[in-house]
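Here is the structure we will look at.
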Protein chains: 2
Amino acid sequence: MTKPTIKDIAAKSGVSIATVSRVLGNKTGSYSEKTRTKILKIAKELGYRKNSVAVDLVKKHSDVIALIINATPTNFSTQIIDGIQQRADELGQGVIILYAGNRDHALQHQAIITALERSVTGILLAAIEPDEEDLTLLKESRIPFCFVSLYFGTTAILAVSSDNRELAYQATQYLIDRGHTRISLAGIDGYHTGSQRQAGYQDAMAANRLPAATVLSGNYSYEAGKKLLQAVVDQGSTAVIAASDMVAAGLLTAAHQQGVRVPADLSIMSIDGTIICQITTPALTSMTQDFYQIGSQSVNKVLGQPAADFVSVSVTERDSVARLD
Amino acid sequence: MTKPTIKDIAAKSGVSIATVSRVLGNKTGSYSEKTRTKILKIAKELGYRKNSVAVDLVKKHSDVIALIINATPTNFSTQIIDGIQQRADELGQGVIILYAGNRDHALQHQAIITALERSVTGILLAAIEPDEEDLTLLKESRIPFCFVSLYFGTTAILAVSSDNRELAYQATQYLIDRGHTRISLAGIDGYHTGSQRQAGYQDAMAANRLPAATVLSGNYSYEAGKKLLQAVVDQGSTAVIAASDMVAAGLLTAAHQQGVRVPADLSIMSIDGTIICQITTPALTSMTQDFYQIGSQSVNKVLGQPAADFVSVSVTERDSVARLD
DNA sequence: TCACTTTAAGTAAACGTTTACAATGCCTGT
DNA sequence: ACAGGCATTGTAAACGTTTACTTAAAGTGA
């Protein structure tokens, strides 16, 4: 037995497929109660399940938004996804997630194409740094897209994120307020998010007439953090701002291994504020982002609803920052 | 301008849509090189992008496998996804991920239905415990499904996972070999995975003529771990097997807070072996699962290729287990 | 040159829905 | 009893592809 269609239901109940479609689609007021119950009964008997592919084709439209993610944001992705899923649900949209690997260009490109070919309502790109080609592809398609947790420095491209410059500025100021003057910034890359944070850090240092250290670049990973501790020590800093919780965790592991005490010898300020911060010893003080909000606002934005460009950040004090006197 | 179709290409190049379709679909040997280049050129000019929805409809088939995940496996999900994506790619299948929230029944059900309606090649359910209704739904559909990281105790239902009984047995034996006799098991639930691990633990204890402690149940989360430390202490155990890295991390945090030294006062053996184990202090000794393999094998299995039922586990020694003398 | 094969291309049906439009029958008020 | 309206249903086109079948043209060997 092959999968039943509305044609089967129509045949079995002696009505036309149009009527079946209307009943199943809940078009009000165009069929009698009697037909309705009969059709519903037969549909259930047959184990009918609608073919969304056919529906999408005729409607030229999907009621689905595609979310493209990569491996990097492991730690915070569930919060973003929760926010997206929840808000999408409220707006009657389904969500499919496309995985773009670990900053893998081919996969990333493939994911975008897949989304485009499926006539989705909108495309969300979480923590994805697109290359020119991808961006052109997106722009030329008729379908709206929005970057999540990434800001281009222009409102011409839809995006929802924390204000990375402000975030880094606050992180830096927080450390300065606690007496630190030699502060490192570690683990960021040279793309949008990274350079915005770098700017915030440098501005804050300058505003306090303090010399900014050379930024220690990395890829937001645990391994990067581990590798960068030595450089931080070499810079003679008493505090370091980590580009992510993972970087912070890596710095901390390396610190333990090399006998650098945290926070006595070195204070660590992390960026993200996920559960990772609670797991380490000492727990990591962090600039905490509201990933759930970022997710739900981005859904609003990609669907053309009013939405914030930036969502607020706050510092969560834990145990990795010392006050210097 | 609306999205171009093969009809537009056909019109512009003066051939029929059949020919266009053949060229674009790379059907060899049924068109001349000249037409081919002409069509390709025009397609590019027009910015043509195939409509997968229409293709799927006519082919009644998707070349896509659906992966349903929930929030719980945050920690290991990327490895599983990597394995799945990689293997699926090799076999010419795309992957779409459907998110089922935090063990949210409605969402989970919805995700299954979505997959069913989209005529995917196969459905993968990662760390999902289905209820009867979901299982019936899946069985009655014509499409193959495979559970990932969950074993039903029967080969009637496709599944790929670690051998949870064996895993727990080994974990227990490992601790016993190091002189522990009072061992707790914390954080598991009563479903398949949980009860298999419980059995392994109890068997190992019995085989060593040791009394098994009452199993401390939980939901594999950090919070559960935190909450359960006191119970572990109350059981007077010198060692505890944690149901997951997150549970282990929770136990450890609570231990720090309550002055219980790890591993001096209490040894912790974690299950999973993700990066979390490296982040904590002390680093967590773990039963390490090969999630990448679990992922790739499950793709094989759901596509009808030869595949393992179980993938091997191993212990990774770190610093959270003490030897008792 | 003729019958025959090969190559290149076209025609039209099919996939499973939705929906504009048409048709039917019944009811209403006069 | 009849025009008009409404409720209910049917007919058929459309969505953008793929593909079986057909046709036309060109090449082949004797």
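Reminder, nothing fancy here: chain letters follow the sequence lines and each chain counts from 1.
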Which is true for Thr5(A) with a 4.0 Å heavy-atom rule: it touches a base, it touches only sugar-phosphate, or it touches nothing?
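Sugar-phosphate, backbone atoms only, no base.
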
Scan Val58(B) against the nucleic acid and name what it touches under 4.0 Å (heavy atoms): base, sugar-phosphate only, or nothing.
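The answer is base, as Val58(B) lies within the cut-off (heavy atoms under 4.0 Å) of a base atom.
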
N/O contacts under 3.5 Å, protein versus nucleotides 5-11 of chain C?
unit_1	atom_1	unit_2	atom_2	d
dA9(C)	OP1	Thr35(B)	OG1	3.3
dA9(C)	OP2	Ser32(B)	N	2.7
dA9(C)	OP2	Thr35(B)	OG1	2.8
dG10(C)	OP1	Ser16(B)	N	3.4
dG10(C)	OP2	Ser16(B)	N	2.7
dG10(C)	OP2	Ser16(B)	OG	2.9
dG10(C)	OP2	Thr19(B)	OG1	2.7
dG10(C)	N7	Arg22(B)	NH2	2.7
dG10(C)	O6	Arg22(B)	NH1	3.0

Holding to side chain to side chain contact (heavy atoms under 4.5 Å, CB included), I want the full list of residues that pass it with Asp163(B), two or more places apart in sequence or in another chain.
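Only Arg165(B), Glu166(B), Phe310(B) meet the side chain to side chain contact (heavy atoms under 4.5 Å, CB included) criterion with Asp163(B).
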
Of all residues at least two apart in sequence or in a different chain, which pass the side chain to side chain contact (heavy atoms under 4.5 Å, CB included) check with Leu158(A)?
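In terms of side chain to side chain contact (heavy atoms under 4.5 Å, CB included), with neighbours along the sequence ignored, Leu158(A) is linked to Cys146(A), Lys301(A).
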
Least distance between heavy atoms, Leu138(B) atom then Ile112(B) atom
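For Leu138(B) and Ile112(B), the tightest heavy-atom pair comes out as CD2-CG2, 3.8 Å.
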
Taking ring pair (Phe, Tyr, Trp, His ring centres under 6.0 Å) as the test, write out the residues that go with [X], two or more places apart.
X         : result
Tyr292(A) : none
Tyr31(B)  : none
Phe152(B) : Phe147(B), His192(B)

Partner set under side chain to side chain donor-acceptor pair (under 3.5 Å) for Asp89(A), not counting sequence neighbours
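Side chain to side chain donor-acceptor pair (under 3.5 Å) list for Asp89(A), sorted by chain: empty.
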
Under the rule for side chain to side chain donor-acceptor pair (under 3.5 Å), what residues qualify as partners of Thr35(A), not counting sequence neighbours?
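Once residues adjacent in sequence are excluded, the partners of Thr35(A) under the side chain to side chain donor-acceptor pair (under 3.5 Å) criterion are Ser32(A).
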
Distance-only criterion, 3.5 Å: show the donor-acceptor pairs between side-chain atoms of residues 38-48 of chain B and protein atoms not counting sequence neighbours.
unit_1	atom_1	unit_2	atom_2	d
Lys38(B)	NZ	Ser13(B)	O	3.3
Lys41(B)	NZ	Glu45(B)	OE2	3.3

For the helix from dT1(C)-dA30(D) to dT30(C)-dA1(D), what angle separates the axis at the start from the axis at the finish, each from five pairs, in steps of 10°?
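One end axis against the other gives 40°.
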
Can you pull the contact range of chain A along DNA chain D, 5' to 3', using atoms under 4.0 angstrom from its heavy atoms?
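The footprint of chain A covers dT8(D) to dG16(D).
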
For residues 53-61 of chain B, dump all side-chain donor-acceptor pairs below 3.5 Å to protein atoms at least two apart in sequence or in another chain.
unit_1	atom_1	unit_2	atom_2	d
Asp56(B)	OD2	Arg118(A)	NH2	2.4
Asp56(B)	OD2	Ser62(B)	OG	3.1
His61(B)	ND1	Asp63(B)	OD1	3.4

